[in-house]
Engineer: 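The structure is given below, and queries will be raised subsequently.
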Number of protein chains: 2
Amino acid sequence: MKYETETLTRRQEEIYNFLRDHQEHFSTAPTLDELCKMLGVKSRGSLHKHIQALTEAGLIEPAEKRQRGIRLTSYEVNHVDELPFLGRIAAGSPIEAIEIPESIEVPQMLRSNGQCYVLQIRGDSMIDDGIFDGDWVVIEKREQARNGEIVVALIEGREATLKRIEQCPNEVILYPANSTMKPMHFSPEQVQVQGVVVGQMRSYR
Amino acid sequence: MKYETETLTRRQEEIYNFLRDHQEHFSTAPTLDELCKMLGVKSRGSLHKHIQALTEAGLIEPAEKRQRGIRLTSYEVNHVDELPFLGRIAAGSPIEAIEIPESIEVPQMLRSNGQCYVLQIRGDSMIDDGIFDGDWVVIEKREQARNGEIVVALIEGREATLKRIEQCPNEVILYPANSTMKPMHFSPEQVQVQGVVVGQMRSYR
DNA sequence: AATGTAAATAAACAGTTGTTCTCTATTTGT
DNA sequence: ACAAATAGAGAACAACTGTTTATTTACATT
């Protein structure tokens, strides 16, 4: 007998996609019987073989206690409502990118219609605007900003900071929201807007 | 045979409290066997009678599909992506409840394992703690708080506020996080903790 | 001393669930 | 055209789960 190939068969992929598409509608981990009904399969044993293959492929895992249904691996992580978590941002340094870009759950309310991503705040430079060390901010990727918006600004192509921006014809002023720091003045060429803050989240645990 | 009294027996209350205290630790709905082990009961049948009584009392409900464990009523509120949005809270007034309780999307990261709900902030009394007018806060329903936590406190049974709490044997101090306001001192009987802040969200649009 | 209630144990039952097996039909590759 | 791979049906099995019943123990009330 041959070793199993590590690629999925057509039907296995079909079933996996079904599980992915429907995982949101499962209140509890689905049963083989339930899945059979939904997939139109009449034999529990038939389905079991596919489920077993997917389990060995690491895409699925049985609910821990036995006899308690099947769920996708990292069930809650693959939610539709996730944005890429790109890294941490501290005043005066480049953005510290995450090696493996993770995902982070973000409610619809905290996003804009544009392309968004998430950064975590390092430091207290925005403390007076209610953005604290450790907070997550949702950034809409955008090159232009309106005056008064909080932006991810790249200074001299090196440092990245989160600041409130005021743009005049000949000058760009970045206001740190921290009474112990002073506004910084630049020429328009020195400052490049990378995105605008549209949401913020904090966990107290 | 007599009709069942509507009050719980000593043991029923004991078991109900156990379930309440431990619901956070259940990843899936617990089984009678599992509960037996945890409670030190050797017979599944013994426990079943108590569970049945609690179910009739409306405090517990069997997981929908049969053969899938037992959960507290409204257990799954914590497992969907939305939490009930109960109303707005302003310093010095009762909570302004929403007529029809809506739902609001809250990421897993911003919740605790306990029962949670969402309030929207009115006013600037927590501005120094980074909680602004219009922000949403995620509250874990809880009657006890640790010192330093931000709580929803009911004062004299009437006013509700969001404050940082310090509890001494003879005194409860509520600190508004706003330098223009002063800490308020109460006797322990005057202040009732209703919940603890575990998360916060803000939209900039 | 007699009685009733609460609580626990143990055994048994039926339905569910995951698993394994054999057998058959269909598709695929050479 | 033939063999291998894939897919499904159905049966059978053991473990688990909720439920019921009979029996015993402890305890408080009368």
Side-chain angles (χ1 to χ4, degrees), chain A residues 1-19 22-23 26-73 75, chain B residues 1-19 22-23 26-73 75:
Chain A
M1 193 205 280
K2 273 192 186 175
Y3 287 112
E4 295 288 307
T5 64
E6 53 193 12
T7 55
L8 300 175
T9 68
R10 189 176 60 254
R11 194 67 221 260
Q12 282 162 18
E13 201 173 329
E14 218 173 301
I15 292 175
Y16 179 58
N17 287 334
F18 175 87
L19 287 174
H22 289 76
Q23 61 171 339
F26 299 139
S27 52
T28 61
T31 285
L32 283 183
D33 271 344
E34 293 168 6
L35 288 177
C36 277
K37 249 177 205 171
M38 301 190 222
L39 288 161
V41 177
K42 292 182 186 170
S43 161
R44 205 161 64 231
S46 307
L47 185 56
H48 177 259
K49 204 160 36 173
H50 294 136
I51 293 296
Q52 198 170 246
L54 291 174
T55 303
E56 280 164 11
L59 298 172
I60 268 183
E61 58 189 5
E64 57 278 18
K65 307 282 182 170
R66 270 193 297 281
Q67 313 274 29
R68 286 287 190 81
I70 284 139
R71 43 181 42 171
L72 295 183
T73 306
Y75 188 81
Chain B
M1 194 203 283
K2 274 193 186 175
Y3 286 112
E4 293 290 307
T5 65
E6 54 193 11
T7 55
L8 300 175
T9 67
R10 189 174 61 254
R11 190 65 215 235
Q12 281 162 17
E13 200 173 331
E14 216 174 305
I15 292 176
Y16 179 57
N17 287 334
F18 176 87
L19 287 173
H22 288 78
Q23 64 169 339
F26 299 137
S27 53
T28 63
T31 285
L32 283 184
D33 271 344
E34 294 168 6
L35 289 178
C36 277
K37 248 178 206 168
M38 300 191 224
L39 288 162
V41 176
K42 291 181 186 169
S43 160
R44 207 161 61 233
S46 310
L47 187 56
H48 177 259
K49 202 160 39 171
H50 295 137
I51 294 296
Q52 198 169 247
L54 291 174
T55 303
E56 280 163 13
L59 298 172
I60 269 184
E61 58 190 4
E64 57 279 13
K65 309 280 186 174
R66 270 191 297 280
Q67 314 273 31
R68 285 287 189 79
I70 284 139
R71 42 183 45 169
L72 294 184
T73 306
Y75 185 87

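So that the names make sense, note that chain A is the first sequence line, chain B the second, and so on, each numbered from 1. Below, all heavy atoms of this structure are taken into account, side chains as well, without hydrogens, waters or symmetry copies.
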Engineer: Select base, sugar-phosphate, or nothing to describe what A:Arg44 touches, counting heavy atoms under 4.0 Å on all strands.
Structural biologist: base
Engineer: What is the distance, to the nearest angstrom, from the NZ atom on A:Lys42 to the P atom on C:dT24?
Structural biologist: 18 Å
Engineer: To the nearest 0.5 Å, what is the distance between CD (A:Gln52) and CD (A:Gln12)?
Structural biologist: 10.5 Å
Engineer: As a test of reading the structure: which of C:dA8, C:dA6, C:dT19 is closest to the side chain of B:Thr9, going by heavy atoms?
Structural biologist: C:dA6
Engineer: Please tell me which of the listed nucleotides, D:dT17, D:dA7, D:dT19, lies nearest to the side chain of B:Leu32?
Structural biologist: D:dT19
Engineer: Taking atom C1' of D:dT17 as reference, at what distance in whole Å does atom CD1 of B:Ile51 sit?
Structural biologist: 13 Å
Engineer: What I'd like to find out is whether the side chain of B:Leu35 reaches to under 4.5 Å of the side chain of B:Leu19, using heavy atoms alone.
Structural biologist: yes
Engineer: Given D:dA9, C:dA8, C:dG18, identify the nucleotide with an atom nearest to the side chain of B:Arg11.
Structural biologist: C:dA8
Engineer: Salt bridge check: are A:Glu14 and A:Arg11 linked by an N-O gap of less than 4.0 Å?
Structural biologist: yes
Engineer: Is the phosphate of D:dT6, meaning OP1 or OP2, less than 4.0 Å from a side-chain N or O of A:Gln12?
Structural biologist: no
Engineer: At their closest point, which heavy atom of B:Cys36 faces which heavy atom of B:Ser43, and how far apart are they?
Structural biologist: SG-O, 3.5 Å
Engineer: Write down the distance between CG (A:Leu35) and P (C:dT17), rounded to a whole number of angstrom.
Structural biologist: 11 Å
Engineer: On DNA chain C, compare the nucleotides closest to A:Gly45 and A:Asp33; which residue's is nearer the 5' end?
Structural biologist: A:Asp33
Engineer: Rounded to the Å, how far apart are A:Lys49 NZ and C:dC21 C1'?
Structural biologist: 10 Å
Engineer: What integer distance in Å separates A:His50:NE2 from D:dG8:C1'?
Structural biologist: 8 Å
Engineer: B:Ser43 side chain: which of D:dG10, D:dG18, C:dA10 is closest?
Structural biologist: C:dA10
Engineer: What is the distance, rounded to the nearest whole Å, between atom CG of B:Leu47 and atom P of C:dA8?
Structural biologist: 9 Å
Engineer: Which listed nucleotide (C:dT17, C:dA10, C:dT28) is nearest to the side chain of A:Arg10?
Structural biologist: C:dT28
Engineer: Hey, could you give me the CG/OG1 distance between A:Leu47 and A:Thr31, rounded to the nearest 0.5 Å?
Structural biologist: 11.0 Å
Engineer: Which nucleotide in the set C:dT28, D:dG18, D:dG8 lies at the smallest distance from any side-chain heavy atom of B:Thr31?
Structural biologist: D:dG18
Engineer: Between atom NE2 in A:His48 and atom C1' in D:dA7, what is the gap in whole Å?
Structural biologist: 16 Å
